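This report refers to the structure that appears directly beneath it.
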Protein chains: 2
Amino acid sequence: MINRNSPATIDDVARHAGVSISTVSRVLNRNVPVSEEVVAKVEEAMRALRYTPRAAARNLATSRTNTLGLLLAEIVGDFFSPLLSGIESVAAQHGYDLLISTAGRRGPQNQLPGPFHKHNADGLLIFAGSLSDDGVRDTHSLGVPMVLLHQTPPDGLPVPCVTIENKAATRAIVEHLIVSHKRRRIVFLTGEPNNEDGSWREMGYREALTHHNIPIEPALIAPGHFDRHIAQTSIEQLLRDGIEFDGVFAGDDEAAVGVYAALRNAHLKIPDDVSVVGFDDQSLARVLQPALTTVHVPIDQVGIEATRRLMQLIQNEPTEVLTLLPTTLVIRASCGCPE
Amino acid sequence: MINRNSPATIDDVARHAGVSISTVSRVLNRNVPVSEEVVAKVEEAMRALRYTPRAAARNLATSRTNTLGLLLAEIVGDFFSPLLSGIESVAAQHGYDLLISTAGRRGPQNQLPGPFHKHNADGLLIFAGSLSDDGVRDTHSLGVPMVLLHQTPPDGLPVPCVTIENKAATRAIVEHLIVSHKRRRIVFLTGEPNNEDGSWREMGYREALTHHNIPIEPALIAPGHFDRHIAQTSIEQLLRDGIEFDGVFAGDDEAAVGVYAALRNAHLKIPDDVSVVGFDDQSLARVLQPALTTVHVPIDQVGIEATRRLMQLIQNEPTEVLTLLPTTLVIRASCGCPE
DNA sequence: AGCGCTTCTGCAAGCGCTTTCATAGTTATA
DNA sequence: TATAACTATGAAAGCGCTTGCAGAAGCGCT
């Protein structure tokens, strides 16, 4: 075997097999008939030379990258693995690779990060909080196929968006507290200011209260930011301020952990003294004692659906602009129901 | 603005700025002096045409991809986010993008998956369970820079490996059970058969027992596979078989969740009746009641160190073959210590 | 003015592949 | 048997960028 320094190219294979490079290319792509005999020869040559085509060259020639870009705010939490695994599976199914990048702690960017500059990925998946409205507008105007996750496009731009049903589920879980457990003073822990999921959940909360003629009390609305420490601090503050409450909608499960801690430190019993509910149905919801009543979010489906939409976009097929995935109530014990 | 269908190329920029494409390239790369005046003209042109260079063309010309490949068995669990976030941060620092692929449920592969075929990434990070020993040998012989995570290379191949200290930490936590809590019949839940972390932990367990003259009882060693359901089933089986024990090393925190569930169902008190300890210090360790005594694993550091090693390899700098990251005992309440 | 330097810029040759077009070889049809 | 109609293959022109080489200025010297 001729072990040259640099890896084999299509030329080497062609020479070894005694055919032209066009033929090798055709064996590689199988888009045009090639005789059995030649295929065998070429494949043998490829094996002998340990040939693998170089992606860059194909990309340049075809002006396609077979790569999807995933842009995230940051890589954290229970959320992330199922989302990514959903995305990866669909991308792989379609023969696409996945390039990942984060906006990091700098917050939403106006510019796409380097890896995703135009034509370095065939399409983009943009997760909430990673690209500003201006950035979305800009990228869209460049004609890059993209879909937004957990974030709606600005100005009604026709950019597909995949997210989950927040409002009705929140309303349902809060009404469960009101109707089944006779709670009247229910704390609402907010998401971060610009978080759309959080805003919708707050609307659901308000609807539930209003529908049952319970006045909305600003003192019961405190920051949670989907963070256990912030949530814990908020609850401790309410307790210290002597504000009474008999229920808590934590914003999400992660925040519920903080609520549990604050309540435990104050020697308050869940659910006897206070009902607590979360949102997301993360794997820790089952682990908490008492088990957390929450809303199940099909986060892997978000990844799957978003990637499907993106594939359609790339293939110029029509696709829905808004995909709202259903969420479902998961009653466990923290609301007061028997386990 | 001339809005042609296809995006601007370096030629368009050169024409617009009245210079040659070489000059544009040099402005792009800043590797050769270019006069201020020309730089300004070119940058203006790039802005006007919304030019962004095409990665494929650069890659082809330079025969570098500026991309790192990350190969995983599957994307699951608490493990994954910090690992990836560590990797991503170092890669980004060095100007590298991250391409992700999973071996999926098919288990370790002999072949690299498509995206990573030679020269489609400048280097590879291979996580335990994603590439077989043959695959590692093969890829290494191709001269692809690579580092292994949580997996040692076969045949003492000089492939850098980054993993964590398992044995001493396991021995320490088991000895803690023996010495501080007078446990004598300690269950060991294993990892999956070929998991190296699991094997080292088992050695640490055996050492601890032997050192304290406690006979090793095969009946106390059962499968845990770092999975809460398998762990729960194993504990339930032991209980059903009437095998007595006063302590459990669960293998990892995830398995500890299953142990908690089994014990709770059997109305056994942790830590009064049985001490339970885990490994990893996942975020749920603090959430369990009682809080889980475990071993802290710096998983983000594994990602960071591995990526650093890979960068050194790519730059032909010398690098360590084995990096063993330290783990530390985290005493909480599940062993019997006061919280 | 002429010389050698140094700086900056342009020319042109690739990088490794795909793909159009033309051609040689085969088979079917009249 | 001549002709049309395919079929499998090859030649060659790109895809958009980098970079070695050479040439053109500009500079300080002699």
Side-chain angles (χ1 to χ4, degrees), chain A residues 4-43 45-46 49-67 95 114-115 117-122, chain B residues 4-43 45-46 49-67 95 114-115 117-122:
Chain A
R4 303 190 303 126
N5 288 358
S6 44
T9 71
I10 199 171
D11 289 280
D12 301 321
V13 176
R15 208 169 310 124
H16 188 106
V19 298
S20 74
I21 60 165
S22 333
T23 301
V24 177
S25 172
R26 289 193 267 258
V27 170
L28 233 34
N29 297 297
R30 301 308 184 98
N31 45 3
V32 147
V34 181
S35 69
E36 298 260 334
E37 177 195 14
V38 172
V39 169
K41 266 198 307 188
V42 171
E43 286 183 338
M46 299 204 284
L49 299 172
R50 311 183 79 179
Y51 169 74
T52 71
R54 216 153 302 187
R58 309 180 84 150
N59 295 348
L60 185 56
T62 55
S63 67
R64 301 187 31 193
T65 64
N66 282 303
T67 295
H117 263 137
K118 189 168 193 184
H119 266 263
N120 295 346
D122 294 343
Chain B
R4 302 190 302 126
N5 288 358
S6 45
T9 72
I10 200 171
D11 289 282
D12 300 321
V13 176
R15 208 169 311 123
H16 188 106
V19 298
S20 75
I21 60 167
S22 334
T23 302
V24 176
S25 171
R26 288 192 267 257
V27 169
L28 231 37
N29 297 297
R30 300 310 185 101
N31 46 4
V32 147
V34 181
S35 69
E36 297 260 335
E37 178 196 13
V38 173
V39 168
K41 266 198 308 190
V42 171
E43 285 184 339
M46 299 205 282
L49 299 173
R50 310 184 80 179
Y51 169 73
T52 72
R54 218 154 298 187
R58 309 181 84 151
N59 296 347
L60 184 56
T62 57
S63 66
R64 300 186 32 192
T65 62
N66 281 305
T67 295
H117 262 139
K118 188 166 195 188
H119 266 266
N120 295 346
D122 294 342

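Every heavy atom of this structure was used, including side-chain atoms; hydrogens, water molecules and symmetry mates were not. Note that the structure is predicted; figures quoted are calculated from it, not measured.
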Practice task
List the steps and the verdict of side chain to side chain contact (heavy atoms under 4.5 Å, CB included) for B/R58 and B/N29.
Solution key: CA-CA 11 Å; B/R58 309 181 84 151; B/N29 297 297; 2.8 Å; yes
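OP1 and OP2 of D/dC17 both lie 4.0 Å or more from every side-chain N or O belonging to B/R54.
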Review item, nucleotides 8-10 of chain C N/O atoms under 3.5 Å of protein N/O:
residue	atom	partner	partner atom	Å
C/dT9	OP1	B/S35	OG	2.9
C/dT9	OP2	B/S35	N	3.1
C/dG10	OP2	B/S20	N	2.9
C/dG10	OP2	B/S20	OG	3.1
C/dG10	OP2	B/T23	OG1	2.6
C/dG10	N7	B/R26	NH2	2.6
C/dG10	O6	B/R26	NH1	3.3
C/dG10	O6	B/R26	NH2	3.3

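Rounded to whole Å, the distance from CG on A/L60 to P on C/dG14 is 17 Å. Straight-line distance from the CG atom of A/N66 to the P atom of C/dC17: 15 Å, rounded to whole Å. Nucleotide D/dT9 holds its P atom 11 Å from the CD atom of A/E36, rounded to whole Å. Going from atom CG of A/D11 over to atom P of C/dC17 covers 7 Å, rounded to whole Å. Distance CG (B/N29) to C1' (D/dG20): 15 Å, rounded to an integer number of Å. Look at CD1 on A/I10: it is 16 Å from P on D/dA12, rounded to the nearest Å. Spacing between atom CZ of A/R30 and atom C1' of C/dT19 amounts to 18 Å, rounded to whole angstrom units. If you take CZ of B/R64 and C1' of C/dG14, they are 18 Å apart, rounded to a whole angstrom.
Under the Watson-Crick or G-U wobble criterion, with both distances below 3.5 Å, D/dT18 is paired with C/dA13.
Contact of the A/V42 side chain with the A/R26 side chain is not registered, since no non-hydrogen atoms from C-beta on lie closer than 4.5 Å. At a threshold of 4.5 Å between non-hydrogen side-chain atoms, the residues B/V27 and B/E43 count as touching. At least one side-chain heavy atom of B/V39 sits less than 4.5 Å from a side-chain heavy atom of B/R30.
At the heavy-atom level, B/N31 lies under 4.0 Å from the strands shown only through sugar-phosphate atoms. Base contact: A/S25 has a heavy atom under 4.0 Å from a base atom.
For A/R58, whose side chain is taken as the heavy atoms from C-beta onward, the closest listed nucleotide among C/dT18, D/dC17, C/dC15 is C/dT18.
Taking CZ of B/R54 as the reference point, atom OG1 of B/T9 lies at 7.5 Å (rounded to 0.5 Å). Note that the CG atom of A/L49 and the CD1 atom of A/I10 stand 12.0 Å from one another [nearest 0.5 Å].
Of the residues A/N120, A/D122, A/N59, the one that meets the side-chain hydrogen bond (donor to acceptor under 3.5 Å, both in side chains) test with A/T65 is A/D122.
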